[in-house]
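Working notes for the structure below.
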Amino acid sequence: MHNDIDKILVNEQEIAQICQNLGKQITHDYQGKRPILVGLLKGCIPFMSDLSRHIGLYVDMEFMAVSSYHGGISTSGDVKIRKDLDISIADRDVLIVEDIVDTASTIMTIINLFRHRGAASVKVVTLLDKPGGRIHDFTPDYIGKTIPKAFVVGYGLDYDELYRNLPYVGVLKPKVYND
Ligand code: PRP
(Lines give C-alpha, C1' and ligand atoms only; values in the text may rest on other atoms or scores of the structure.)
Protein backbone atom coordinates (compact mmCIF):
# COMPACT_ATOMS: atom_id res chain seq x y z
CA MET A 1 0.00 0.00 0.00
CA HIS A 2 2.79 2.46 0.93
CA ASN A 3 4.39 1.84 -2.47
CA ASP A 4 1.40 3.50 -4.16
CA ILE A 5 2.29 6.84 -2.55
CA ASP A 6 4.41 9.39 -4.43
CA LYS A 7 5.17 11.59 -1.44
CA ILE A 8 3.93 12.25 2.06
CA LEU A 9 2.19 15.62 2.36
CA VAL A 10 1.22 15.59 6.05
CA ASN A 11 3.11 13.18 8.28
CA GLU A 12 1.94 11.57 11.52
CA GLN A 13 3.73 14.06 13.75
CA GLU A 14 2.26 17.01 11.90
CA ILE A 15 -1.22 15.51 12.09
CA ALA A 16 -0.84 15.07 15.86
CA GLN A 17 0.28 18.68 16.21
CA ILE A 18 -2.62 19.92 14.07
CA CYS A 19 -5.16 18.01 16.18
CA GLN A 20 -3.65 19.42 19.36
CA ASN A 21 -3.67 23.03 18.07
CA LEU A 22 -7.18 22.88 16.62
CA GLY A 23 -8.52 21.16 19.74
CA LYS A 24 -7.11 23.93 21.91
CA GLN A 25 -8.61 26.66 19.71
CA ILE A 26 -12.03 24.96 19.64
CA THR A 27 -11.97 24.45 23.42
CA HIS A 28 -11.27 28.15 23.84
CA ASP A 29 -13.86 29.35 21.31
CA TYR A 30 -16.72 27.17 22.60
CA GLN A 31 -16.06 27.74 26.31
CA GLY A 32 -19.30 27.33 28.33
CA LYS A 33 -21.10 25.72 25.36
CA ARG A 34 -21.96 22.13 24.47
CA PRO A 35 -21.35 21.88 20.72
CA ILE A 36 -22.38 18.97 18.54
CA LEU A 37 -19.46 17.63 16.53
CA VAL A 38 -20.90 16.30 13.28
CA GLY A 39 -18.48 14.07 11.41
CA LEU A 40 -19.10 13.50 7.71
CA LEU A 41 -18.49 9.81 7.06
CA LYS A 42 -16.43 8.09 6.05
CA GLY A 43 -13.45 10.39 5.57
CA CYS A 44 -13.78 12.07 8.97
CA ILE A 45 -13.17 8.95 11.07
CA PRO A 46 -9.46 9.26 12.07
CA PHE A 47 -9.58 13.07 12.31
CA MET A 48 -12.79 13.12 14.39
CA SER A 49 -11.30 10.52 16.69
CA ASP A 50 -7.98 12.33 17.23
CA LEU A 51 -9.32 15.90 17.25
CA SER A 52 -12.16 15.18 19.69
CA ARG A 53 -9.65 13.94 22.27
CA HIS A 54 -8.09 17.40 22.33
CA ILE A 55 -11.40 19.17 22.92
CA GLY A 56 -11.82 19.75 26.65
CA LEU A 57 -15.58 20.37 26.63
CA TYR A 58 -18.83 18.47 26.92
CA VAL A 59 -19.61 17.62 23.30
CA ASP A 60 -22.11 15.46 21.44
CA MET A 61 -20.62 13.34 18.66
CA GLU A 62 -22.88 12.63 15.72
CA PHE A 63 -22.34 11.41 12.18
CA MET A 64 -23.79 11.82 8.74
CA ALA A 65 -22.81 9.81 5.68
CA VAL A 66 -22.44 12.06 2.67
CA SER A 67 -20.90 11.13 -0.62
CA SER A 68 -20.06 12.93 -3.82
CA TYR A 69 -17.10 11.13 -5.37
CA HIS A 70 -18.63 7.77 -6.32
CA GLY A 71 -15.20 6.13 -6.64
CA GLY A 72 -13.49 8.56 -9.05
CA ILE A 73 -10.75 11.13 -8.46
CA SER A 74 -12.88 14.23 -8.96
CA THR A 75 -16.18 15.19 -7.38
CA SER A 76 -19.46 14.54 -9.19
CA GLY A 77 -20.95 17.67 -7.59
CA ASP A 78 -24.02 15.57 -6.83
CA VAL A 79 -24.04 15.37 -3.02
CA LYS A 80 -25.99 12.43 -1.60
CA ILE A 81 -27.01 11.99 2.05
CA ARG A 82 -26.69 8.30 2.75
CA LYS A 83 -27.26 8.51 6.51
CA ASP A 84 -28.87 11.47 8.21
CA LEU A 85 -28.42 12.69 11.80
CA ASP A 86 -30.28 10.86 14.56
CA ILE A 87 -30.90 14.00 16.64
CA SER A 88 -32.32 17.48 16.20
CA ILE A 89 -29.81 20.29 15.78
CA ALA A 90 -32.36 23.10 16.30
CA ASP A 91 -30.83 25.85 18.50
CA ARG A 92 -27.57 23.92 18.84
CA ASP A 93 -24.01 24.97 18.05
CA VAL A 94 -22.83 22.62 15.32
CA LEU A 95 -19.21 22.05 14.38
CA ILE A 96 -18.89 20.00 11.20
CA VAL A 97 -15.76 17.84 11.07
CA GLU A 98 -14.34 17.23 7.59
CA ASP A 99 -11.20 15.55 6.32
CA ILE A 100 -10.96 17.81 3.26
CA VAL A 101 -12.70 20.75 1.63
CA ASP A 102 -12.09 20.69 -2.12
CA THR A 103 -14.82 22.11 -4.41
CA ALA A 104 -16.81 22.88 -1.21
CA SER A 105 -19.97 21.35 -2.76
CA THR A 106 -20.35 18.88 0.10
CA ILE A 107 -19.83 21.36 2.90
CA MET A 108 -22.06 24.06 1.36
CA THR A 109 -24.89 21.55 0.97
CA ILE A 110 -24.61 20.47 4.60
CA ILE A 111 -24.21 24.00 6.00
CA ASN A 112 -27.34 25.13 4.15
CA LEU A 113 -29.24 22.09 5.39
CA PHE A 114 -28.22 22.71 9.02
CA ARG A 115 -29.16 26.40 8.82
CA HIS A 116 -32.52 25.40 7.39
CA ARG A 117 -32.95 23.03 10.35
CA GLY A 118 -32.46 25.91 12.77
CA ALA A 119 -28.95 25.41 14.18
CA ALA A 120 -27.85 28.26 16.47
CA SER A 121 -24.46 28.30 14.73
CA VAL A 122 -22.71 26.22 12.09
CA LYS A 123 -18.93 26.14 11.79
CA VAL A 124 -16.51 23.88 9.97
CA VAL A 125 -13.22 22.32 11.01
CA THR A 126 -11.26 20.58 8.28
CA LEU A 127 -7.95 18.77 8.43
CA LEU A 128 -7.11 19.76 4.86
CA ASP A 129 -8.14 22.69 2.75
CA LYS A 130 -7.60 22.59 -1.01
CA PRO A 131 -8.57 26.13 -2.14
CA GLY A 132 -7.31 25.42 -5.69
CA GLY A 133 -10.25 23.04 -6.20
CA ARG A 134 -13.05 25.45 -5.25
CA ILE A 135 -16.20 25.93 -7.29
CA HIS A 136 -17.98 27.68 -4.37
CA ASP A 137 -16.68 30.70 -2.44
CA PHE A 138 -16.11 29.21 1.02
CA THR A 139 -13.47 29.39 3.76
CA PRO A 140 -13.54 26.87 6.63
CA ASP A 141 -13.52 28.31 10.18
CA TYR A 142 -10.70 26.02 11.31
CA ILE A 143 -8.08 24.63 8.92
CA GLY A 144 -5.41 22.08 9.78
CA LYS A 145 -3.32 22.52 6.65
CA THR A 146 -3.75 24.13 3.25
CA ILE A 147 -2.61 21.84 0.46
CA PRO A 148 -1.99 22.21 -3.28
CA LYS A 149 -4.26 20.77 -5.96
CA ALA A 150 -3.18 17.13 -5.94
CA PHE A 151 -5.14 13.93 -5.37
CA VAL A 152 -4.40 12.93 -1.79
CA VAL A 153 -5.24 9.81 0.18
CA GLY A 154 -4.72 8.50 3.70
CA TYR A 155 -5.86 9.33 7.22
CA GLY A 156 -9.50 8.92 6.18
CA LEU A 157 -9.20 9.94 2.54
CA ASP A 158 -9.73 7.22 -0.04
CA TYR A 159 -9.27 6.30 -3.64
CA ASP A 160 -11.86 3.68 -4.59
CA GLU A 161 -12.42 3.02 -0.83
CA LEU A 162 -8.74 2.16 -0.25
CA TYR A 163 -5.95 3.96 1.68
CA ARG A 164 -8.20 5.38 4.44
CA ASN A 165 -6.07 3.50 6.98
CA LEU A 166 -2.75 5.13 6.03
CA PRO A 167 -1.47 6.99 9.12
CA TYR A 168 -0.40 9.98 6.99
CA VAL A 169 -1.75 12.01 4.06
CA GLY A 170 0.07 11.40 0.80
CA VAL A 171 -0.14 12.03 -2.93
CA LEU A 172 -1.20 8.96 -4.86
CA LYS A 173 1.01 7.87 -7.76
CA PRO A 174 -0.93 8.68 -10.98
CA LYS A 175 -0.25 5.17 -12.28
CA VAL A 176 -2.63 3.84 -9.61
CA TYR A 177 -5.66 5.57 -11.14
CA ASN A 178 -4.42 5.65 -14.75
CA ASP A 179 -3.89 1.88 -15.02
C1 PRP B 1 -14.90 13.64 0.31
C2 PRP B 1 -14.45 14.32 1.59
C3 PRP B 1 -15.39 15.49 1.69
C4 PRP B 1 -15.68 15.84 0.24
C5 PRP B 1 -14.86 17.02 -0.16
O6 PRP B 1 -15.96 12.79 0.60
O7 PRP B 1 -14.56 13.47 2.70
O8 PRP B 1 -16.59 15.17 2.36
O9 PRP B 1 -15.33 14.70 -0.53
O10 PRP B 1 -15.03 17.34 -1.51
P11 PRP B 1 -15.80 18.61 -2.03
O12 PRP B 1 -15.32 19.81 -1.23
O13 PRP B 1 -15.36 18.68 -3.47
O14 PRP B 1 -17.28 18.39 -1.88
P15 PRP B 1 -16.48 11.60 -0.36
O16 PRP B 1 -17.68 12.09 -1.11
O17 PRP B 1 -15.35 11.07 -1.16
O18 PRP B 1 -16.98 10.53 0.72
P19 PRP B 1 -16.10 9.80 1.86
O20 PRP B 1 -15.92 10.77 3.01
O21 PRP B 1 -16.92 8.61 2.24
O22 PRP B 1 -14.76 9.42 1.24
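Along the sequence shown, the residues carry numbers beginning at 1. Counting convention: from 1, in listed order, for ligands and their atoms alike.
Contacts between Arg164 and ligand 1, counted as non-hydrogen atom pairs separated by less than 4.0 Å, involve the side chain only. Contacts with ligand 1 closer than 4.0 Å are made by no heavy atom of Val79, backbone or side chain. Only the side chain of Asp158 comes within 4.0 Å of ligand 1, judged by heavy-atom distances.
Under the 3.5 Å distance criterion, with hydrogens and angles disregarded, no donor-acceptor pair is assigned to the side chains of Asp129 and Thr146.
Annotation for ligand 1: atoms under 4.0 Å from non-hydrogen atoms of Val66 are 18 (O). For ligand 1, the atoms closer than 4.0 angstrom to any heavy atom of Ala104 are 11 (P), 12 (O), 13 (O). Close approach to Leu41 involves these atoms of ligand 1, each under 4.0 Å from a residue heavy atom: 20 (O), 21 (O). Contact atoms of ligand 1 toward Ile100: 2 (C), 3 (C), 5 (C) (distance under 4.0 Å to a heavy atom of the residue). Within the listing of ligand 1, atoms 10 (O), 11 (P), 12 (O), 13 (O) sit less than 4.0 angstrom from a heavy atom of Asp102. Residue-ligand proximity, Gly43 to ligand 1, at heavy-atom distances under 4.0 Å covers atoms 19 (P), 20 (O). Ligand-side atoms of ligand 1 in range of Ser67: 16 (O), range being under 4.0 angstrom from any heavy atom.
Residues Val153 and Val176 share a single hydrophobic cluster, defined by chaining ILVMFWY side chains whose heavy atoms lie under 4.5 Å apart. Note on Ile89: it clusters hydrophobically with Val79, by side-chain heavy-atom contacts below 4.5 Å among ILVMFWY residues. Under the 4.5 Å side-chain heavy-atom criterion for Ile, Leu, Val, Met, Phe, Trp and Tyr, Ile143 and Val10 are members of distinct hydrophobic clusters.
Looking at every heavy atom in both residues, Ile26 comes nearest to Leu57 through O-CD1, 4.0 Å. Shortest non-hydrogen contact noted between Ser88 and Ile36 is O-CD1, 4.3 Å.
With atom 11 (P) of ligand 1 as the reference point, the heavy atom nearest to it among Leu157, Thr126, Thr103, Asp129 is part of Thr103.
In this structure, the ring of Tyr163 has its center no less than 6.0 angstrom from the ring center of His2.
Between the CD1 atom in Ile18 and the OH atom in Tyr155 there is a gap of 9.0 Å [rounded to 0.5 Å].
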